[in-house]
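Note that this is a predicted model, so its numbers are computed, not measured. Values below: every heavy atom of this structure, side chains too, minus hydrogens, waters and symmetry copies.
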Amino acid sequence: VQLQASGGGLVQPGGSLTLSCAASGSIFRFSTMGWYRQPPGKQRELVAIISNGGDSNYADSVKGRFTISRDGAKNTVDLQMNSLKHEDTAVYYCYAWYGKPYWGKGTQVTVSS
């Protein structure tokens, strides 16, 4: 099973980006999918996760600005990021859970003017 993330890049403060993640090689539906990030010099942290039933949780720092969504049948998860701030700069990792954690390779998001 591989998770492939896309959509990172350079954006100005206040701008928007959408990250997408698709799972390949899987024949099961992940119970949870989501996104973590690792800012420069810091530990990896939760951004948002969403269950099969659609229940979602967000880090306080992104509530009201980021929206997570998923397609359970396709095993894809998206993260719509609005009103981006400098402190959102990080490597973003796609995450999924089915008996064990699965991680995608990170995608860089840089918020800079």
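For the pair Leu17/Tyr92, no side-chain contact is recorded, criterion being any heavy-atom separation below 4.5 Å from C-beta on. Side chains of Tyr98 and Asn75 form no contact here, defined as non-hydrogen atoms less than 4.5 Å apart.
Across Thr107 and Ala5, no two heavy atoms sit closer than the pair CG2-CB, 4.3 Å. Pairing each heavy atom of Ser113 with each of Pro13, the nearest pair is N-CD, 3.7 Å. Contact detail for Ser16 and Ser83: the closest heavy-atom pair is OG-N, 4.4 Å. The shortest non-hydrogen separation linking Arg29 to Asn52 is CD-OD1, 3.0 Å.
The number of heavy-atom neighbours closer than 6.0 Å to CD of Gln38, taken from other residues, nucleotides and ligands shown, is above 12. Atom CD of Gln43 is surrounded by 12 or fewer heavy atoms from other residues, nucleotides or ligands within 6.0 Å. Within a 6.0 Å radius of CD in Gln2, other residues, nucleotides and ligands contribute 12 heavy atoms or fewer.
The hydrophobic clustering, which links ILVMFWY residues whose side-chain heavy atoms are closer than 4.5 Å, places Val62 and Leu84 together. Leu19 and Leu10 are assigned to two separate hydrophobic clusters, defined by single-linkage of ILVMFWY side chains at heavy-atom distances under 4.5 Å. In the hydrophobic clustering of this structure, Tyr102 groups with Ile50; members are Ile, Leu, Val, Met, Phe, Trp, Tyr whose side-chain heavy atoms approach within less than 4.5 Å, directly or through other members. Val111 is not connected to Tyr93 by any chain of hydrophobic side-chain contacts under 4.5 Å among Ile, Leu, Val, Met, Phe, Trp and Tyr, and they are in different clusters.
In terms of the salt bridge (Lys or Arg N to Asp or Glu O under 4.0 Å) criterion, Lys42 has no residue partners (sequence neighbours excluded). Shown here are the side chain to side chain donor-acceptor pair (under 3.5 Å) partners of Asp88, two or more places apart in sequence or in another chain: Arg37, Arg65.
In this structure, CG on Leu79 lies 12.5 Å from CD1 on Ile49, to the nearest 0.5 angstrom. For the atom pair CG of Leu46 and OG of Ser61, the computed distance is 9.0 Å after rounding to the nearest 0.5 Å.
Within the structure, the ring pair (Phe, Tyr, Trp, His ring centres under 6.0 Å) test picks out no pair touching residues 57-90 (sequence neighbours left out). For residues 66-80, no pair satisfies salt bridge (Lys or Arg N to Asp or Glu O under 4.0 Å), with sequence neighbours left out. Contacts classified as disulfide bond (SG atoms under 2.5 Å apart) and involving residues 67-113 (residues at least two apart or in different chains) are given here: Cys21-Cys94. Sorted by first and then second residue, the ring pair (Phe, Tyr, Trp, His ring centres under 6.0 Å) pairs involving residues 31-51 (not counting sequence neighbours) are Tyr36-Tyr95, Tyr36-Trp103.
One side chain, Gln80 or Thr18, offers a donor N or O that lies under 3.5 Å from an acceptor on the other. Checked by atom type, the side-chain pair Gln108/Thr110 shows a donor-acceptor distance below 3.5 Å.
Judged purely by atom type and a 3.5 angstrom limit, Ser31 uses its side chain to pair as donor or acceptor with the backbone of Trp97.
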